[in-house]
Amino acid sequence: MIISIITPTYNSERTIATNVESVLLQKFTDFEHIIIDNKSTDKTLSIIEALYRKAEKTNNLRIISEPDKGISDAFNKGIRNAHGEIIGILNSDDYYYDESVLKRTLEAFSDRAIIFTHGDMFFEDPLYGSNIRRPLLCPAHIAMPFNHPTMFFRREVYENYGLFDLSFKYAMDYELICRLEKEVPDFMKKGAYLRGKPLVYVKSGGASWEHEEKAIKEIKPALVKNGLWTFEAKKAYCFRRSRNIIKKYIDALGLKVLIQYWRNWKWGNSK
C-alpha cells in the first residue's frame with residue numbers, strides 16, 4: 001500500500017528542508033512525496049531535489065511546478081496526481097513529529113472500515129504559547145472536530161465525495177469535513193484516532209492563522225452549503241466571532257497570558 005504525501009509550496013526555502021527531512025526519515029518507505037509548487041522564485045525546488053538526491057530516494061519524489069488558483073487548487077492537483085491508496089497533506093511549514101507517523105497511519109488503515117486517520121499536533125506559537133492540540137471530536141456544526149494537518153484519507157473518500165471546494169480560500173478543510181459528516185453514514189465512527197505522540201509539528205503563521213478573521217467568515221458558507229446552519233451552529237459561530245474580537249482587545253492591552261491560558265485549557269481538555 002502506497003501513501004501519497006502532498007506538499008503545496010511557494011517560496012518556502014526557509015521551512016521546506018525540515019518538512020522534507022521529516023518525510024525522508026519515516027520508517028515506512030513506500031511513499032510518494034508530491035510537491036505542488038506555485039512557480040517558486042527562490043531555492044525551494046533545488047533544496048527539495050538536493051535532499052532527495054542525498055537520501056537516494058529520488059523515485060519517491062514528484063514535482064509539479066505551475067501556477068495555481070490558491071491552496072484548494074494545489075491540494076486538488078496533488079490528489080488528482082496521487083498514486084497512493086492513502087493520501088495525506090503536509091504543508092510546507094509543517095513537518096512530521098517523528099519517524100513513526102506513516103507506519104502508525106498504515107497500521108490503522110489495515111482495518112478496512114477505517115476511511116481516515118487523525119491525531120494530535122504540536123502547535124508552536126511563540127506569541128501566545130505552544131501546546132499539544134488534541135482533536136475536539138465535536139460535531140462539525142459546532143467546530144472543526146479534527147486537526148486537519150494530521151489527517152490521512154483513503155483515496156476513495158475524495159473519489160466518492162469530491163475534492164476541496166475552490167470557493168473556500170481559508171476554511172476549505174472545514175468545508176470538506178462538513179460535507180463528509182453530512183454525506184458519509186456514521187462518518188465519525190469511520191476514523192481512527194492515533195493516540196499517543198503527536199503526528200505533526202505545526203507552526204503558527206499558516207494561511208488560516210494569518211487570516212483568522214477571513215477563515216471564520218468562511219465557516220457560515222461552509223455550514224449553509226452543507227445544510228448544517230442550525231440554531232446550535234449559529235450560536236457557536238457567533239461565539240467564535242465574538243471571541244476573536246475579544247482576543248484583539250486583550251492583545252491591545254498586552255494581556256497575552258489570558259489568551260495563552262484559554263488555549264491551554266481548550267486544547268488540554270479536548271478528548
Side-chain angles (χ1 to χ4, degrees), residues 3-6 8 34 36 68-82 84-91 105 108-109 112-119 121 133 135-194 199-200 206-209 211-212 214-241 270:
I3 297 179
S4 297
I5 304 158
I6 299 164
I34 306 173
I36 305 298
D68 61 50
K69 299 175 183 177
I71 298 173
S72 296
D73 187 34
F75 288 170
N76 290 347
K77 282 184 185 180
I79 295 167
R80 291 191 186 100
N81 284 277
E85 299 168 63
I86 308 302
I87 299 175
I89 295 172
L90 186 67
N91 290 320
T105 297
F109 278 111
R112 283 298 307 175
I114 296 301
I115 65 171
F116 71 96
T117 62
H118 66 100
M121 67 181 186
R133 297 195 168 186
L136 297 176
L137 300 180
C138 59
H141 69 271
I142 299 299
M144 179 65 164
F146 313 108
N147 295 314
H148 185 254
T150 72
M151 298 187 80
F152 289 82
F153 289 93
R154 290 193 188 275
R155 168 196 289 279
E156 64 199 47
V157 173
Y158 294 113
E159 292 174 343
N160 294 337
Y161 301 101
L163 305 182
F164 291 91
D165 187 330
L166 297 188
S167 67
F168 290 84
K169 305 300 182 185
Y170 306 101
M172 70 291 292
D173 51 349
Y174 180 67
E175 189 282 322
L176 176 66
I177 296 302
C178 288
R179 192 188 329 151
L180 294 175
E181 184 177 285
K182 174 190 175 185
E183 297 184 12
V184 180
D186 295 322
F187 172 64
M188 295 289 284
K189 295 180 181 179
K190 295 179 179 178
Y193 176 23
L194 306 185
L199 299 180
V200 179
S208 61
W209 304 107
H211 306 284
E212 186 174 7
K214 293 178 181 178
I216 291 173
K217 287 181 179 178
E218 286 191 349
I219 290 174
K220 179 179 177 180
L223 293 166
V224 171
K225 175 189 172 184
N226 293 289
L228 299 176
W229 188 237
T230 63
F231 178 70
E232 281 191 339
K234 292 175 183 177
K235 286 197 301 181
Y237 177 70
C238 290
F239 175 72
R240 187 165 181 178
R241 293 205 67 177
S270 55

The reported gap from CD in E218 to OH in Y174 (rounded to nearest 0.5 angstrom) is 12.0 Å
So CE of M172 and NE2 of H148: to nearest 0.5 Å the spacing works out to 9.0 Å
Answer yes or no: is there an ion pair linking E156 with R112, defined by an N-O contact shorter than 4.0 Å?
yes
Rounding to 0.5 Å, atoms CZ (F153) and CD1 (I79) come to a distance of 9.0 Å
Any idea how F116 and F146 line up, ring-wise: parallel (<30°), tilted (30 to 60°), or perpendicular (>60°)? perpendicular
For I89 and P8 the tightest heavy-atom approach is CG2-CD, 4.5 Å
Please evaluate residues D165 and K225 with respect to the criterion salt bridge (charged side-chain N to carboxylate O under 4.0 Å, His left out), reporting the C-alpha separation (whole Å), side-chain torsions for both, the decisive distance (0.1 Å), and the verdict. CA-CA 11 Å; D165 187 330; K225 175 189 172 184; 2.7 Å; yes
Whether Y158 and F164 hold their rings parallel, tilted or perpendicular, with breakpoints at 30° and 60°: tilted
Notebook entry, point to check: Is L136 close to M144 at the side-chain level, that is, under 4.5 Å between some pair of heavy atoms?
Noted result: no
Between G119 and P135, the two heavy atoms sitting closest are O-CD, 4.0 Å
Only residue of L194, T105, T150, N147 satisfying side chain to side chain contact (heavy atoms under 4.5 Å, CB included) with H118 is T150
Rounded to the nearest 0.5 angstrom, the CG-CG distance for L180 and N160 is 10.5 Å
Looking at R179 and E175, is there a salt bridge between them, counting it only when a charged N and a carboxylate O are closer than 4.0 Å? yes
Closest non-hydrogen contact found for D73 with K69 is OD2-N, 2.8 Å
Closest non-hydrogen atoms of A233 and L223, given as atom of the first, atom of the second and distance, are CB-CD1, 4.1 Å
Value for CD1 (I6) from CG (N76), rounded to nearest 0.5 Å, stands at 9.0 Å
For A143 and C138, the nearest pair of non-hydrogen atoms, with its separation, is O-SG, 3.6 Å
Taken to the nearest 0.5 Å, the spacing of I142 CD1 from L137 CG works out to 13.5 Å
